[in-house]
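These notes are about the structure you will find just below.
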Protein chains: 2
Amino acid sequence: MIPEATVARLPVYLRALTALAEGGIRTCSSEDLASAAGVNSAKLRKDLSYLGSYGTRGVGYDVDYLRYQIAREIGVTHDWPVVIVGIGNLGHALANYSGFRSRGFRVVALLDADLDRTGELVAGVPVRPFDDLEAIASEHAVAIGVIATPAAAAQDVADRMVAAGVTSILNFAPAVISVPEGVDVRKVDLSIELQILAYHEQRKAHETGREVAAAIGGDQ
Amino acid sequence: MIPEATVARLPVYLRALTALAEGGIRTCSSEDLASAAGVNSAKLRKDLSYLGSYGTRGVGYDVDYLRYQIAREIGVTHDWPVVIVGIGNLGHALANYSGFRSRGFRVVALLDADLDRTGELVAGVPVRPFDDLEAIASEHAVAIGVIATPAAAAQDVADRMVAAGVTSILNFAPAVISVPEGVDVRKVDLSIELQILAYHEQRKAHETGREVAAAIGGDQ
DNA sequence: TTCTGTGAATTGTTTCACAGCC
DNA sequence: GGCTGTGAAACAATTCACAGAA
């Protein structure tokens with residue numbers, strides 16, 4: 001059983017290893033890989049230790065071998081079919097995102113409730129009516145769905161996805177969706193990320209203010 | 001000093017409170033708010049306790065009052081000016097995202113290195129050359145920048161942002177960027193989120209396999 | 001000697017359970 | 001009686017520090 005925090009970092013290691021491999025590097029130390037991934041080496045080694053012993057003491061890790069082991073652990077040695085629902089600005093961006101294709105995912109359908117959009121080609125894939133969801137999900141055995149609709153539609157879309165057999169949902173809509181036991185949801189929310197930054201930014205401003213005040217105050 | 005895990009949830013509570021307020025609800029219990037935010041009530045109360053005592057025992061929380069207190073704590077009672085660099089598909093989607101405006105952020109400029117894009121209007125804001133970054137950042141006192149460029153450009157953009165006085169960066173490029181002490185970076189990576197789902201999906205598949213095997217095996 | 005793999009210590013987060021206030 | 005606020009307990013993640021393999 002791999003800790004959740006480790007699972008969330010494995011894709012980062014995978015990407016870093018791919019970058020190293022593309023740079024022609026065949027072997028790396030935990031220090032090298034950790035710095036490419038933006039973590040410290042103790043954490044990296046601990047994380048990798050949950051997968052097994054894929055390194056060599058005194059030497060390091062074979063880049064290709066470790067890359068394969070992580071890809072296998074994550075489950076991206078084969079492609080996962082994915083549907084995207086909601087082809088607005090964000091849906092367009094997602095459909096065009098080439099990183100999906102190269103990292104283990106294949107967009108098998110783009111769905112939108114607006115029938116005026118039907119037939120429109122986005123990244124070479126035709127937009128289809130949302131009602132085709134069940135047919136597509138069962139035809140392609142889709143387990144992963146992406147919601148890129150407005151917040152108001154998100155729960156309905158999620159319900160339909162679950163009914164159609166989808167058991168993992170990536171939700172970009174700014175809404176909390178509830179799903180049955182056994183279905184995983186991950187949420188990406190742009191304005192929440194910015195608000196977290198704003199909080200720290202505000203604290204930095206206070207900090208500076210205090211330092212300035214202290215400097216002005218001098219040694220009174 | 002508010003724990004980081006709590007800080008990351010405050011924006012979720014803020015959004016849930018806004019939804020309650022829009023539904024005409026003036027008072028709510030920790031249970032109500034927790035369920036609107038998708039967390040359990042003990043965690044919610046513990047989180048809110050770091051901000052102060054803004055509830056009333058036996059009654060609950062005043063929605064508007066708590067909303068204001070959280071907004072103040074996060075620092076979104078006034079707007080933060082933001083620049084977006086990289087106006088490709090994702091940059092377009094971000095520029096058009098209305099949640100920015102309504103949640104404490106104002107896009108003051110869209111920048112792109114491709115000069116053919118200069119002047120193009122996106123969501124009513126003209127695209128400007130990347131080299132205008134310093135002028136814009138100092139004119140609007142921009143502290144927060146968004147990177148929506150390809151991975152290869154991300155580090156350069158981050159360096160220029162930091163030099164221009166930006167101290168918080170939201171990075172959508174699939175690359176690790178390094179910044180000096182005192183600069184915050186948050187990363188949003190679409191394919192990493194999908195890979196995390198894939199990991200759990202794969203485990204569910206194994207689990208099912210085992211259950212099926214056990215069922216077939218019966219009580220042998 | 002170098003660098004991995006990992007117990008042990010530390011630090012952070014969540015959950016429990018109830019005292020205290022309305 | 002109902003619900004918040006919070007110590008204390010349980011759990012999870014990170015970091016330390018070093019034994020041991022190459």
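In what follows, chains are A, B, ... by sequence order, proteins preceding strands, each numbered from 1. Computation of the quantities below employed the complete heavy-atom set of this structure, encompassing side-chain atoms and omitting hydrogens, waters and symmetry-equivalent molecules.
In terms of heavy atoms, A/Ser30 sits closest to A/Leu44 at O-CD2, 3.3 Å. Closest heavy-atom contact between B/Gln195 and A/Pro11: OE1-CB, 2.9 Å. Considering every non-hydrogen atom in both A/Ala8 and B/Ile192, the closest pair reads O-CG2, 4.2 Å. Closest approach of A/Trp80 and A/Ala143 over heavy atoms only: CZ3-CB, 4.4 Å. Between A/Val63 and A/Ile25 the shortest heavy-atom distance is CG2-O, 3.5 Å. The nearest pair of heavy atoms linking A/Tyr13 to A/Ala37 is CD2-CB, 3.7 Å.
Residues passing the side chain to side chain donor-acceptor pair (under 3.5 Å) test with A/Ser191, sequence neighbours excluded: A/Asp189, B/Arg15. For B/Phe130, there are no ring-ring contact (aromatic ring centres under 6.0 Å, His included) partners at least two apart in sequence or on another chain. Among residues two or more places apart in sequence or in another chain, the side chain to side chain donor-acceptor pair (under 3.5 Å) test is passed with A/Asp184 by B/Lys204.
Listed by residue number, the members of residues 5-12 of chain A with any heavy atom below 4.0 angstrom from DNA chain D are A/Ala5, A/Arg9. For DNA chain C, the neighbouring residues in residues 21-34 of chain A, judged by any heavy atom under 4.0 Å, are A/Ser29, A/Ser30. Non-hydrogen atoms lying under 4.0 Å from DNA chain D are contributed by nothing in residues 61-72 of chain A.
For the salt bridge (charged side-chain N to carboxylate O under 4.0 Å, His left out) condition, the pairs that include at least one residue of residues 155-176 of chain B, sequence neighbours left out, are B/Asp131-B/Arg160, B/Glu134-B/Arg160. Applying the side chain to side chain donor-acceptor pair (under 3.5 Å) rule to pairs touching residues 93-107 of chain B yields nothing, sequence neighbours excluded. Screening residues 37-54 of chain B for salt bridge (charged side-chain N to carboxylate O under 4.0 Å, His left out) gives B/Arg9-B/Asp47 as the qualifying pairs, with residues at least two apart or on separate chains.
Atom CD of A/Glu4 and atom C1' of D/dC11 are 15 Å apart (whole Å). Taking atom OH on B/Tyr50 and atom P on D/dT4, their separation rounds to 17 Å, with Å as the unit.
Side-chain contact check for B/Tyr54 versus B/Asp62: every heavy-atom pair is 4.5 Å or farther apart. At least one side-chain heavy atom of B/Val7 sits under 4.5 Å from a side-chain heavy atom of A/His200.
Position along DNA chain D of the nearest nucleotide to A/Gly58 versus A/Pro3 favours A/Pro3 as the more 5'-ward residue. Sequence order on DNA chain D of the closest nucleotides to A/Val59 and A/Arg45 puts A/Arg45 first from the 5' end.
Candidate nucleotides D/dT4, D/dT15, D/dC18 were compared by shortest atom distance to the side chain of B/Arg57, and D/dT4 ranks first.
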N/O donor-acceptor pairs under 3.5 Å from side chains in residues 163-182 of chain A, not counting sequence neighbours:
{"unit_1": "A/Thr167", "atom_1": "OG1", "unit_2": "B/Glu201", "atom_2": "OE1", "d": "3.0"}
{"unit_1": "A/Thr167", "atom_1": "OG1", "unit_2": "B/Glu201", "atom_2": "OE2", "d": "2.6"}
{"unit_1": "A/Ser168", "atom_1": "OG", "unit_2": "B/Glu201", "atom_2": "OE1", "d": "2.4"}
{"unit_1": "A/Asn171", "atom_1": "OD1", "unit_2": "A/Ala173", "atom_2": "N", "d": "2.9"}
{"unit_1": "A/Asn171", "atom_1": "ND2", "unit_2": "A/Ala173", "atom_2": "O", "d": "3.4"}
{"unit_1": "A/Asn171", "atom_1": "ND2", "unit_2": "A/Ala175", "atom_2": "O", "d": "3.0"}

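When DNA chain C is scanned in the 5' to 3' direction for atoms under 4.0 Å from non-hydrogen atoms of chain A, the outermost contacting nucleotides are C/dT2 to C/dA8.
Defining each end axis of the helix from C/dT1-D/dA22 to C/dC22-D/dG1 as the rotation carrying four pairs' C1' atoms onto the next four, with five pairs an end, the two axes are found to diverge by 0° to 10 degrees.
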